[in-house]
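The structure appears right after this line, and notes come after that.
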There are 2 protein chains.
Amino acid sequence: MLSKKTKYGIKALTYLARQENRTPVQIATISKSENISLKFLESILLTLRKNDFLGSKKGKGGGYYILKEPKDIQMAAVMRILEGPISMIPCVSLNFYEKCEDCPDENACAVHKLMAQVRDSSLKIFKNTTLADLCNC
Amino acid sequence: MLSKKTKYGIKALTYLARQENRTPVQIATISKSENISLKFLESILLTLRKNDFLGSKKGKGGGYYILKEPKDIQMAAVMRILEGPISMIPCVSLNFYEKCEDCPDENACAVHKLMAQVRDSSLKIFKNTTLADLCNC
DNA sequence: AATTAGCCTACTATATTAATAGGGTATGCA
DNA sequence: TGCATACCCTATTAATATAGTAGGCTAATT
């Protein structure tokens with residue numbers, strides 16, 4: 001399941017990508033517009049800022065704004081920051097690899113075989129889809 | 001994340017699919033061979049039996065055996081029984097659809113758009129992959 | 001200086017997962 | 001018939017992750 005954190009994060013990113021100029025948008029504005037708990041959204045935007053997707057400005061007239069061009073933001077990067085691994089199981093993960101304790105031979109494992117295929121196809125989509133593709137801008 | 005339930009279920013299915021004849025295999029045998037908690041495996045096999053993937057025989061010489069031909073068992077069906085929805089979010093699910101409370105327009109939603117693509121590609125793999133493909137039999 | 005709005009830490013409620021426990025019931029064989 | 005075998009079923013629990021809440025701090029603007 002996709003976490004609400006990721007869902008909200010993507011919604012916030014598209015909201016900010018749709019802004020004409022780079023004028024900062026307040027958390028509360030996005031929160032109301034997208035029906036997201038303000039405090040929860042706050043922590044999500046903070047994560048995105050720490051990972052250089054967003055910039056922020058404090059004080060009056062402050063808020064968050066997008067740093068890169070939407071067409072240069074791959075959804076694979078967004079997913080990995082917000083959701084974590086793209087793979088459904090750590091033993092096929094490229095960025096978050098972990099060996100299964102119970103499994104003596106990955107190459108002989110049916111689950112590994114199946115999930116590697118799923119990871120490949122999902123990753124392909126996440127890499128080929130940018131924020132610009134999602135927000136029509 | 002793929003649950004251990006599904007992981008173990010697929011492992012058990014491949015184990016049973018690899019059996020030459022339809023001789024019942026005891027839970028304990030699979031449990032030891034695949035390093036799965038016996039009681040947990042018991043409940044998983046029960047689920048698979050109730051969904052007509054497996055048959056069982058009680059008493060001495062009893063156990064579980066596969067009912068259909070491995071090549072006729074789509075992984076999509078297995079996933080839906082053990083894991084639930086194939087979609088990462090209910091609003092793009094074909095079999096477990098639910099509307100998002102916070103989202104006024106699915107067609108305008110970036111998350112919906114992205115996740116629909118992921119569902120399509122995953123579903124394609126789960127439908128085209130059979131148990132026979134995974135266990136080389 | 002006052003106000004605004006982001007920054008940061010800590011806590012909590014809820015749900016799900018992964019087991020575990022323990023007894024019940026049908027089957028086969030001596 | 002009786003006993004051992006092995007599946008059947010319900011209930012409980014421990015651990016973990018998610019989603020959200022609370023509250024105060026700090027920097028920037030006017």
Side-chain angles (χ1 to χ4, degrees), chain A residues 1-12 16 23-32 34-67 81-85 88-90 96 98 100-102 111, chain B residues 1-12 16 23-32 34-51 53-67 81-85 88-90 96 98 100-102:
Chain A
M1 271 284 291
L2 191 78
S3 67
K4 296 206 170 176
K5 182 179 169 190
T6 306
K7 180 183 170 185
Y8 294 162
I10 294 173
K11 285 197 165 197
L16 291 172
T23 312
V25 180
Q26 295 167 32
I27 303 175
T29 307
I30 304 174
S31 160
K32 279 169 199 155
E34 302 294 325
N35 299 305
I36 304 170
S37 150
L38 190 134
K39 280 294 198 174
F40 192 23
L41 179 59
E42 198 177 311
S43 73
I44 296 167
L45 294 179
L46 203 53
T47 303
L48 289 171
R49 193 205 53 127
K50 285 183 179 167
N51 286 280
D52 303 319
F53 289 101
L54 300 178
S56 66
K57 198 181 161 192
K58 288 185 182 180
K60 194 169 188 178
Y64 281 96
Y65 51 92
I66 214 149
L67 278 180
I81 293 301
L82 294 174
E83 190 74 7
M88 292 185 79
I89 196 165
F96 301 81
E98 265 177 69
C100 291
E101 285 176 28
D102 56 302
V111 179
Chain B
M1 271 284 290
L2 189 78
S3 67
K4 295 205 171 177
K5 184 180 168 188
T6 306
K7 179 183 170 185
Y8 294 162
I10 294 174
K11 285 197 166 198
L16 291 171
T23 311
V25 180
Q26 295 167 31
I27 303 174
T29 306
I30 305 174
S31 160
K32 280 170 201 156
E34 303 294 324
N35 299 305
I36 304 170
S37 146
L38 190 134
K39 281 294 202 174
F40 192 24
L41 179 59
E42 199 177 310
S43 73
I44 296 166
L45 294 178
L46 203 53
T47 303
L48 290 170
R49 193 204 53 125
K50 284 182 179 165
N51 285 280
F53 289 100
L54 300 178
S56 65
K57 199 180 159 190
K58 288 185 182 179
K60 194 169 188 178
Y64 281 96
Y65 51 92
I66 214 149
L67 277 179
I81 294 302
L82 294 174
E83 191 73 7
M88 291 185 79
I89 196 165
F96 301 81
E98 264 177 72
C100 291
E101 283 176 29
D102 56 302

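Each chain gets a letter, A, B and so on, in the order its sequence line appears, and its residues count up from 1. Quantities reported herein were computed from a predicted structural model and do not represent experimental measurements.
Look at CD1 on A/Ile30: it is 12 Å from C1' on C/dG6, rounded to the nearest Å. Nucleotide D/dT21 holds its C1' atom 14 Å from the CD1 atom of A/Ile44, rounded to whole Å. As rounded to whole Å, 13 Å separates atom P of D/dA6 from atom OH of B/Tyr64. A straight line from CG of A/Leu48 to P of C/dC7 spans 12 Å, rounded to a whole angstrom.
For the pair A/Ser56 and C/dC7, the criterion of a side-chain N or O lying under 4.0 Å from OP1 or OP2 is met. For D/dA6, the OP1/OP2 oxygens have no side-chain nitrogen or oxygen of B/Arg49 closer than 4.0 Å.
Look at A/Lys7 and B/Asp102 and you find a salt bridge, because one of the NZ, NE, NH1 or NH2 atoms lies within 4.0 Å of a carboxylate O, short of that distance.
Fit an axis to the five pairs at each end of the helix from C/dA1-D/dT30 to C/dA30-D/dT1 and the two axes sit 10° apart, to the nearest 10 degrees.
Note that CD1 of A/Ile27 and CZ of A/Phe40 are 13.5 Å apart. Values are rounded to the nearest 0.5 Å.
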Handout entry: Steps toward side-chain contact (heavy atoms from CB on, under 4.5 Å) verdict (A/Ile66, A/Leu54)
Key = CA-CA 5 Å; A/Ile66 214 149; A/Leu54 300 178; 4.0 Å; yes

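Partners of A/Leu46 according to the side-chain contact (heavy atoms from CB on, under 4.5 Å) rule, which considers only residues two or more places apart in sequence or in another chain, are A/Arg49, A/Lys50, A/Tyr64.
A donor-acceptor contact shorter than 3.5 Å links the side chain of A/Ser31 to the backbone of A/Ile36.
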Completion exercise
5' to 3', nucleotides 15-30 of chain C under a 4.0 Å protein heavy-atom cut-off (B base, S sugar-phosphate only, - none) gives ---SSBBBB--SBS--

